[in-house]
Protein chains: 2
Amino acid sequence: MVESAKIDDFDLRILRILRGHGRMPLQDLSERIGLSPTPVARRVRNLEAAGVITGYAALIDEAALGYPVSVFVSVKLDRQVDRALAQFETAIRAFPEVVDCWLMTGNRDYLLRVATDGLAGFEDFLTRRLTRLACVSSIESSIPIRRVKSGICRQP
Amino acid sequence: MVESAKIDDFDLRILRILRGHGRMPLQDLSERIGLSPTPVARRVRNLEAAGVITGYAALIDEAALGYPVSVFVSVKLDRQVDRALAQFETAIRAFPEVVDCWLMTGNRDYLLRVATDGLAGFEDFLTRRLTRLACVSSIESSIPIRRVKSGICRQP
DNA sequence: CTTGAAATACGTTGACC
DNA sequence: GGTCAACGTATTTCAAG
């Protein structure tokens, strides 16, 4: 990726607003920032081209969709060969229950967040998805009570 | 929240598309799902009113912003009184470094994801933010190598 | 960077099936 | 619940200061 041009205060203010209101019309945006619409449009385009803004998304309420319970799962693989990692990651990306997945430092651990309709759905996920992967060695689950802060990215 | 009306296949397809392309014009959207723009607009409005779509956001690349390193932090509080929880959560919500925070079951643990510019920024966060909160009893950090899957919500 | 105007594209509304 | 057509608005692209 091209080294992004310097981000100035105007850009930061644009990002702060667009982070919470991704569909705000250019006209409203320009009023809030104190520039006319044309330069604001240019800045947004530049931020997109530089890869700072990678896209736009509708925020969807998982509970309203029928998945009110998240579970964090720590997974350890039994072999560190690259093939096991790639195989595992391909499967994870295809599982719709897995919202988020990180490869952690240490002992080939993965941390997943899984969204389910409750413990029944989570059991389904464990028995029909995770434990059927040959490379999985151990699994540890933690259940959150409540989400305190839900960010998509760090506040700019 | 009002019980959301039944979500049919068209709604699901709208959600699947809007989850990845939050700004897609109604016309393109309607072509992809095979309906005319008007009913699609109605459905989107209904999904918003029902709280299924809670908003729209620009997706911002944390690395491009200067925060390439995330750290997961487990925090344990020393007192379980509600006031300590509320105090901690208010502080967490105000810290720009904290992207995400969950209250976990068990021993009044919190799980945070913190986005920093590297270990220096993380040390700053620990010493100037977290450890200055009176209610914090213990802290444990885990550093991810790589993000395998980055979702905002479960795939509808 | 700003302004202003013209061309295009988009979203909403209403009548209608 | 769906379609079609028309209207008002937003966005983009120019020009020029």
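Note on naming: letters A, B, ... go to the chains in the order of the sequence lines (proteins, then strands), and numbering restarts at 1 for each one.
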Requested in this report: Look at all strands and tell whether B:Phe10 reaches a base, only sugar-phosphate, or nothing, counting heavy atoms closer than 4.0 Å.
Outcome: sugar-phosphate
Query raised in the report: Which residue, A:Gly34 or B:Asp28, contacts DNA chain C at a nucleotide closer to its 5' end, judged by nearest heavy atom?
Result: A:Gly34
Requested in this report: Would you mind telling me which of A:Arg147, A:Arg154, A:Lys149 makes a salt bridge (Lys or Arg N to Asp or Glu O under 4.0 Å) with B:Asp100?
Outcome: A:Arg147
**Report entry** Donor-acceptor under 3.5 Å (B:Ser70 side chain, B:Ala115 main chain)
**Finding:** no
Report task. Determine the contact category for B:Pro39: base if any of its heavy atoms lies under 4.0 Å from a base atom, sugar-phosphate if only primed atoms, P, OP1 or OP2 are that close, otherwise nothing. Result -> base
Report summary line: From CD of A:Gln27 across to P of D:dT12 the rounded distance in Å is 12 Å
Query raised in the report: Base, sugar-phosphate, or nothing for B:Arg45, non-hydrogen atoms under 4.0 angstrom?
Result: nothing
Query raised in the report: Has the side chain of B:Thr38 got a donor or acceptor that lies under 3.5 Å from a partner of the other kind on the base of C:dT12?
Result: no
Requested in this report: Look at the side chain of A:Thr54 and the backbone N and O of B:Asp61, then say whether any donor-acceptor pair between them is shorter than 3.5 Å.
Outcome: no
**Report entry** Shortest side-chain distance from A:Leu35, nucleotide among C:dT12, D:dT3, C:dT2
**Finding:** C:dT2
Query raised in the report: Checking ring pair (Phe, Tyr, Trp, His ring centres under 6.0 Å) against B:Tyr110, which of B:Phe88, B:Phe72, B:Trp102 comes through?
Result: B:Phe88
Requested in this report: Send over the distance from A:Glu31 CD to D:dT9 C1', rounded to a whole Å.
Outcome: 14 Å
Query - Carboxylate-amine/guanidinium contact A:Arg113 A:Glu62, below 4.0 Å - result: yes
Query raised in the report: Rounded to whole angstroms, how far apart are CE on A:Met24 and C1' on D:dA10?
Result: 14 Å
Requested in this report: Considering just the side-chain nitrogens and oxygens of B:Arg42, establish if one lies under 4.0 Å of OP1 or OP2 belonging to D:dG1.
Outcome: no
Query - Minimum-distance nucleotide to A:Ala41 side chain [options: D:dT12, D:dT3, C:dG11] - result: D:dT12
Requested in this report: Could you tell me whether A:Arg43 contacts a base, only the sugar-phosphate backbone, or nothing, with contacts defined as non-hydrogen atoms closer than 4.0 Å?
Outcome: sugar-phosphate
Query raised in the report: Nearest-Å distance, CD1 (A:Ile33) to P (C:dC1)?
Result: 12 Å
Query raised in the report: In whole Å, what is the span from the CG atom of B:Asp11 to the C1' atom of D:dG2?
Result: 14 Å
Query - Interatomic distance where CG belongs to B:Leu18 and P belongs to C:dG11 [whole Å] - result: 11 Å
